[in-house]
Amino acid sequence: MTQTREHRALLAVDIAHSAGRGDVALHRIREALSQALAESFELSGIDWHASLRDDLGDGMRVTTPPGTPKTRLIHPLVHDLTARLRAHNRLAAPPARIRVRIALHAGDVCLGPRGQVTGRPLEVLARLLDAAPARAALARAPEAVTASLLVSQPFYDDTVHHGYPGIEPEAFRRVSLAEKEYAADAWLYLPGHEGVPPVPGPADAPARAGSGEPKMINKASGNGVVYATQNGTQNIHHGRR
């Protein structure tokens, strides 16, 4: 099977809290999201029909055509998409309202003869889409905020850092990810939210086993060592003389 390797810009979107709405509501919100995405792609000058699309069940992954300017995926695409979702939500009943998480990344992917897309960049995109900081930020944001956007560090360096028209670097916040085998920094943005996204609190991001929680170790003046973790727990281990 012949495969080619090309650098492509990647977008993934996932509908927040889609479970439990029932098949009728899920069908309607999937249809509304797909239409909004297609219209936002075309407005942004990115050929929707030439893009490679993969259904994620309650979302979609899009591999853009070669040569797509990455800046357009943020402005105007993300800005236009979130505006369309706000307009949809104003007229929709609660079960049909849409809020989404969006992830952006780019890299060298393998393209199969039937449009299959594989490669490490897709794994990174999936981790960004499922990342806890993006989930927490969207959950805490006002209902009028219809999306959280998380971009990888390389994508940020290429598109956001320079402050191109329509993209405000000061509205992005650096966050740290630890999703499965992927650990890296990324940049979080809430379109339509004033200022930078709030920092997730302890309730939003519970500690995970093996997460490297900082510990403070103090030597006792006696014959033991005192271990004090950030949550105030102390363990005293006595040595034998």
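- Residues L37 and L129 fall into different hydrophobic clusters, defined by Ile, Leu, Val, Met, Phe, Trp and Tyr side chains chained together at heavy-atom separations under 4.5 Å.
- Not a single donor-acceptor pair under 3.5 Å links the side chain of E170 to the backbone N or O of V196.
- Between the side chains of E39 and Q35, at least one donor N or O lies within less than 3.5 Å of an accepting N or O.
- Taking 4.5 Å as the limit, some side-chain heavy atom of L125 sits within range of a side-chain heavy atom of R61.
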Exercise for review: Kindly determine whether H49 and E42 satisfy side-chain contact (heavy atoms from CB on, under 4.5 Å), including the steps that lead there.
Suggested key: CA-CA 9 Å; H49 299 289; E42 294 299 340; 4.1 Å; yes

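- Residues Y182 and V124 meet the side-chain proximity criterion, which asks for heavy atoms closer than 4.5 Å.
- Here the CZ atom belonging to R140 is positioned 10.0 Å from the CG atom belonging to L190, to the nearest 0.5 angstrom.
- Ion pairing of R30 with D55 is present here, as a side-chain N (NZ or NE/NH1/NH2) and a carboxylate O approach within less than 4.0 Å.
- Not a single donor-acceptor pair under 3.5 Å links the side chain of H7 to the backbone N or O of V109.
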**Study point:** Audit row: R8, L111, side-chain contact (heavy atoms from CB on, under 4.5 Å) steps and yes/no
**Key:** CA-CA 10 Å; R8 297 290 186 96; L111 304 172; 3.3 Å; yes

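- From D185, atom CG reaches atom CZ of R174 across 5.0 Å, with rounding to the nearest 0.5 Å.
- Here the shortest heavy-atom pairing between S51 and F41 reads OG-CE2, 3.9 Å.
- Annotation for Q3 and T118: closest pair NE2-OG1, 4.3 Å, computed over non-hydrogen atoms.
- At a threshold of 4.5 Å between non-hydrogen side-chain atoms, the residues D108 and P121 do not count as touching.
- In this structure, the side chains of I74 and L104 come closer than 4.5 Å at one or more pairs of heavy atoms.
- Under the 4.5 Å side-chain heavy-atom criterion for ILVMFWY residues, a single connected hydrophobic cluster contains both Y189 and I167.
- A donor-acceptor pair under 3.5 Å links the side-chain atoms of R99 to the main chain of V145, judged by distance alone.
- Rounded to the nearest 0.5 angstrom, Y156 OH and H162 NE2 are separated by 9.5 Å.
- Judged purely by atom type and a 3.5 angstrom limit, R173 uses its side chain to pair as donor or acceptor with the backbone of P197.
- Scanning for side chain to side chain donor-acceptor pair (under 3.5 Å) contacts around R97 gives an empty result, with sequence neighbours left out.
- Residues V151 and T159 are not in side-chain contact: their nearest non-hydrogen atoms beyond the backbone lie 4.5 Å or more apart.
- Going from atom CG of L149 over to atom CG of L138 covers 11.5 Å, rounded to the nearest 0.5 Å.
- To the nearest 0.5 Å, atoms CG (L73) and CZ (F155) are separated by 5.0 Å.
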Check your understanding: Between L10 and T64, does a side-chain contact (heavy atoms from CB on, under 4.5 Å) hold up when you go through it step by step?
Key -> CA-CA 6 Å; L10 307 168; T64 64; over 6 Å; no

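- Of the charged side-chain nitrogens involved, at least one lies within less than 4.0 Å of a carboxylate oxygen, so that R135 and D130 count as a salt-bridged pair.
- The closest donor-acceptor contact from the side chain of T82 to the backbone of H79 lies under 3.5 Å.
- The shortest distance between side-chain heavy atoms of M60 and L33 does not fall below 4.5 Å.
- Tracing side-chain contacts under 4.5 Å through hydrophobic residues (I, L, V, M, F, W, Y), one reaches L77 starting from W48; they form part of the same cluster.
- Using a cutoff of 4.0 Å between basic side-chain nitrogens and carboxylate oxygens, R120 and E181 are scored as salt-bridged.
- Clustering ILVMFWY residues whenever any of their side-chain heavy atoms sit less than 4.5 angstrom apart, transitively, puts V175 in a cluster other than the one holding V160.
- In this structure, the side chain of H75 does not engage the main chain of S44 through any donor-acceptor pair within 3.5 Å.
- Atom OG in S152 sits 6.0 Å away from atom CG in L128 (nearest 0.5 Å).
- Atom CZ of R21 sits in a crowded spot, with more than 12 heavy atoms from other residues, nucleotides or ligands closer than 6.0 Å.
- Each of D80, L85, V78 was evaluated against S40; a single residue qualifies, D80, per the side-chain contact (heavy atoms from CB on, under 4.5 Å) test.
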Practice item. Applying side-chain contact (heavy atoms from CB on, under 4.5 Å), run through I98 and N89 and close with a yes or a no. Key: CA-CA 7 Å; I98 306 172; N89 288 350; 4.1 Å; yes

